[in-house]
*Asks:* 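Input: one structure, supplied below.
Lettering follows sequence order; numbering is per chain, from 1.
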Amino acid sequence: MQDAKTMRTNFIWDIVDTDLSNGKNGGRVQTRFPPEPNGYFHIGHCKAICINFLTAQRYDGLCNLRFDDTNPSKESEEYVRAIMEDIRWLGFEWTGGLYYASDYFPTMYELALKLIREGNAYVCDLTHEQIRATRGTLTEPGSNSPYRERSVEENLDLFQRMKAGEFADGTRVLRAKIDMSSPNMNMRDPVIYRIVHVAHHRTGDAWCIYPMYDYAHSIEDALERITHSLCSLEFENHRPLYDWVVEKCGFTQEPPRQIEFARLNMTRTIMSKRYLRQLVEGGHVAGWDDPRMPTIAGMRRRGYTPAAIRDFVDRIGMSKADSVADFGLLEHCVREDLGNTAARAMAVLRPIKVVLTNWPEGQVETLTLENHPDHPELGERQVTFGRELYIEQEDFMLDPPKKFFRLFPGGEVRLKGAYIIKCEKAIVDPQGNPIELRCTVDLDSKSGCEGAARKVKGTLHWVHAADAVPVEARLYEPLLKDENAEELGEENEAAEAAESLAPAHHDKKDFISRLNPESLSVAHGYAEPALAQANPGDRFQFLRVGYFTMDADSMPGAPVFNRTVSLKDSWSKMAGQEAAGR
RNA sequence: UGGGGUGUCGCCAAGCGGUAAGGCACGGGACUUUGACUCCCGCAUUCGUAGGUUCGAAUCCUGCCACCCCAGCCA
């Protein structure tokens, strides 16, 4: 895996370098990854995870894992567990410790009292609608709340009674007293505490007032002595408020520095939590860990490796420019990692029988194949060879086009690690489709023997019918038919809510109709015997087919494999262009 | 017509006044008992745009254009 210290730099690390050279924080670097435990992680989260943990590693600093659990109505312990599992799976450890925003509720409450005493916060009785109406607009200033000049005593009394549970949800809030005419909407007396009579997954009913993000996050960072608080671009507008809270709460240390970066978007991928949930709840996928899902759990089950995902995040770079990464780059990273590490094996997904007419009935030969062409240390394995074999249907054509290097009547191919065979005759069904091939084998052409020097155009993978293991292969394609999935990227909930009220974008509304009905196809084929001994999670390259990972759905003697990613296929690309050109 | 950001090859992205890195994709070729891998070669006279400063600008200045974010008692 990468070494954070030797990785190429980026604008964030340039800033850290500058801070360090200016002697900030005594040379100490501490970051934090602060998820709200309100859902499953997807590929988009990986970027934030990497930058936070790698920044700590690069500077011999620490990275905290902090659950930003300030909104009990959306959070749960289930997500906390899943998130920790995902982070560890990616290979990171929260060296700075594990924290929960909820552990700071008492401190946050005390600091709120301090803000009130010092005239920096007040209890506001305006309704939700009134607050919105008096906030002004993007071009007009807001107006002061009639409760803005309440006395400290009254504010203290009211806030304590809010905490005591005397008031119903939505009847009062605590607001920071800043500037209702600020051009930055976030500074127009933002709400910092609201009343929510909902049990919290960790603090239960201890609280009925909960701090808002802007207030809570600043305090969390300051309390944990975070030096660099990395977050995504949409928080850029919040930075003045972030700094305001740290200052007014009286933290005298060097303040944490918030730095924003562009979040990860990717083509052909659905990242919107709303759509992802729709897929799961609508039964369009098998669950959050369906191998088609861009969730970490889904990618894990599909067979993507942490190394590949991290390499991908590294390669897309770090900047402030809105961008959409190419899904093909992720696939490239997966192929590169697996190509180097996965053991080779042979499996025929859509079999057609081959009978070697000049091979003695009942004779079986054992052949030795390498597990990896470039890594002899991965060892060898044995496969048997006999009279009846299976090859891939698409490796035979009755009437082949030019440059078809595979099998056809009268043509010759090598069977990988075995012999050269020649197709003498194809048996076809009444519709003319080949159902069995009669071939002769060149007995002198066995791999490793003198006669093996003879060259033929194509080499095919195959399995011996006598001891082949039946396998189920699950083949995955993108969930959406079109390639415009990036428009279904993460959106904020206001947009989601507005969308559900007034579905203006028909393409989004028709999300379900855009689903690719062929995102999952199942093939039943045969594999060499060794695969019966594999374990769930084991990864292989099925020669000439693709990378596959054994699924936990496998039963003894009946393995199930997920296609992680196909092999690059210049033949089908070329053939496709030929066809299009005709 | 408020404020905050961003604009360099199809997609990412270096570059920080000295004359456009790299990756993916793409095209061509070599090699090949995986049409995989690997290996060569090609791929921005130009940096949103119009001016200006300078011997010299993607880098500095000015205007303009485009896109993103902000009016949650979400994070």
Side-chain angles (χ1 to χ4, degrees), chain A residues 8-10 14 34-36 38 68 70-71 73-74 124 126-128 131-133 135-142 169-175 181-188 190-196 210 212-214 216-217 231-240 260 262 267 312 314-333 335-336 339-340 344 346 369 373-374 403-406 413-418 420 445 447-448 452 455-461 492-494 497 541-546 567-575:
Chain A
R8 64 184 168 141
T9 187
N10 58 55
D14 289 345
E36 179 186 24
N38 69 346
D68 214 355
T70 57
N71 185 354
S73 53
K74 308 174 74 167
C124 182
L126 255 26
T127 64
H128 202 323
I131 287 180
R132 178 168 47 217
R135 184 152 28 224
T137 68
L138 295 179
T139 53
E140 304 156 31
D169 290 5
T171 54
R172 275 180 239 267
V173 293
L174 184 70
R175 289 228 249 173
S181 61
S182 170
N184 183 340
M185 301 294 291
N186 294 305
M187 301 297 271
R188 319 244 265 225
V191 172
I192 58 176
Y193 260 100
R194 76 292 214 180
I195 302 171
V196 183
Y210 292 92
M212 297 285 287
Y213 167 86
D214 288 300
H217 206 89
C231 61
S232 46
L233 244 31
E234 66 267 30
F235 292 104
E236 219 156 12
N237 298 324
H238 296 242
R239 197 165 65 225
E260 311 84 8
T267 62
F312 168 70
D314 178 35
R315 291 199 200 205
I316 57 173
M318 183 61 62
S319 76
K320 298 190 70 156
D322 292 309
S323 61
V324 183
D326 186 351
F327 179 74
L329 179 58
L330 209 207
E331 291 197 311
H332 168 83
C333 294
R335 285 192 186 102
E336 186 168 278
N340 200 22
R344 313 284 117 129
M346 292 199 289
L369 275 71
D374 307 323
K403 293 201 178 167
F404 184 78
F405 299 157
R406 310 178 187 183
V413 294
R414 170 170 291 285
L415 296 180
K416 173 72 179 178
I420 291 173
S445 65
S447 287
K455 300 291 182 195
V456 290
K457 278 292 176 75
T459 300
L460 307 185
H461 60 286
N492 60 45
E493 290 176 31
Q541 183 200 90
F542 288 174
L543 243 45
R544 302 208 311 129
V545 180
L567 246 32
K568 286 216 288 190
D569 183 359
S570 59
W571 161 248
S572 71
K573 184 186 289 182
M574 185 172 81

*Asks:* Side-chain donor or acceptor of Asp322(A) under 3.5 Å from a matching atom on the base of G7(B)?
*Replies:*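 Not at all, since no donor on one side and acceptor on the other fall under 3.5 Å apart.
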*Asks:* Distance check, rounded to the nearest 0.5 Å: Thr171(A) atom OG1 versus Leu126(A) atom CG?
*Replies:*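 Nearest 0.5 Å value for the OG1-CG distance: 12.0 Å.
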*Asks:* By nearest atom, which of the nucleotides A71(B), A75(B), C69(B) is closest to the Asn237(A) side chain?
*Replies:*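 So the nucleotide nearest the side chain must be C69(B).
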*Asks:* Among C70(B), C73(B), A75(B), which nucleotide sits nearest the side chain of Val173(A)?
*Replies:*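 Of the candidates, C73(B) comes closest.
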*Asks:* For every nucleotide of nucleotides 24-36 of chain B, 5' to 3': is a protein heavy atom under 4.0 Å from its base (B), only from its sugar-phosphate (S), or from neither (-)?
*Replies:* S-SS-----BBBS
*Asks:* Less than 4.0 angstrom from a charged side-chain N to a carboxylate O is my criterion; do Arg135(A) and Glu140(A) meet it?
*Replies:*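 No salt bridge links Arg135(A) with Glu140(A).
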*Asks:* What's the separation between atom CH2 in Trp571(A) and atom NZ in Lys403(A), rounded to the nearest 0.5 Å?
*Replies:*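 Those atoms lie 9.0 Å apart.
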*Asks:* When rounded to the nearest Å, what value does the distance between C1' atoms of A58(B) and U19(B) take?
*Replies:*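 These two C1' atoms come out 11 Å apart once rounded.
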*Asks:* If you compare all heavy atoms of Leu460(A) against all heavy atoms of Arg544(A), which two are closest, and at what distance to 0.1 Å?
*Replies:*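 In terms of heavy atoms, the two residues are closest at CD2-NH2, 3.3 Å.
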*Asks:* Can you find a side chain N or O atom of Thr137(A) that sits less than 4.0 Å from OP1 or OP2 on G2(B)?
*Replies:*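 For G2(B), OP1/OP2 do not have a side-chain N/O of Thr137(A) under 4.0 Å.
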*Asks:* Compare side-chain N and O positions of Arg194(A) against OP1 and OP2 of A75(B) and report whether any pair is under 4.0 Å apart.
*Replies:*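 So the side-chain polar atoms of Arg194(A) do come within 4.0 Å of the phosphate oxygens OP1 or OP2 of A75(B), strictly under.
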*Asks:* Under a 3.5 Å cut-off for both distances, is C55(B) Watson-Crick or wobble paired, and to whom?
*Replies:*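 Its partner is G18(B).
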*Asks:* Counting Watson-Crick and G-U wobble pairs only, both distances under 3.5 Å, name the nucleotide matched with U45(B), or none.
*Replies:*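 Because no pair has both required distances under 3.5 Å, U45(B) counts as unpaired.
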*Asks:* Describe the nucleic acid contact of Gly339(A) in one word from base, sugar-phosphate, nothing, applying a heavy-atom distance below 4.0 Å.
*Replies:*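 Nothing, no heavy atom under 4.0 Å.
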*Asks:* Just N and O in the side chain of Ser319(A): are any of them under 4.0 Å from OP1 or OP2 of A13(B)?
*Replies:*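 Yes, because at least one side-chain N or O of Ser319(A) sits under 4.0 Å from OP1 or OP2 of A13(B).
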*Asks:* Between U8(B) and A13(B), how far is it from one C1' atom to the other, in whole Å?
*Replies:*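 Per the computed distance, 9 Å lies between those C1' atoms.
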*Asks:* Between A21(B) and U38(B), how far apart are the two P atoms, rounded to whole Å?
*Replies:*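 Roughly 24 Å separates the two P atoms.
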*Asks:* G7(B) pairs with which nucleotide, Watson-Crick or G-U wobble, both distances below 3.5 Å?
*Replies:*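 WC or wobble partner is C65(B).
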*Asks:* Quick one: look up who U38(B) pairs with, Watson-Crick or G-U, both distances under 3.5 Å, and put none if it's unpaired.
*Replies:*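 A30(B) is the nucleotide pairing with U38(B).
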*Asks:* Hey, what do you get for NE2 (His238(A)) to CG (Asp214(A)), rounding to the nearest 0.5 Å?
*Replies:*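 Result: 5.5 Å between the selected atoms.
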*Asks:* Suppose you measure atom P in A20(B) against the same atom in C9(B); what distance do you get, rounded to whole Å?
*Replies:*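 Going atom to atom, P in each nucleotide, I get 16 Å.
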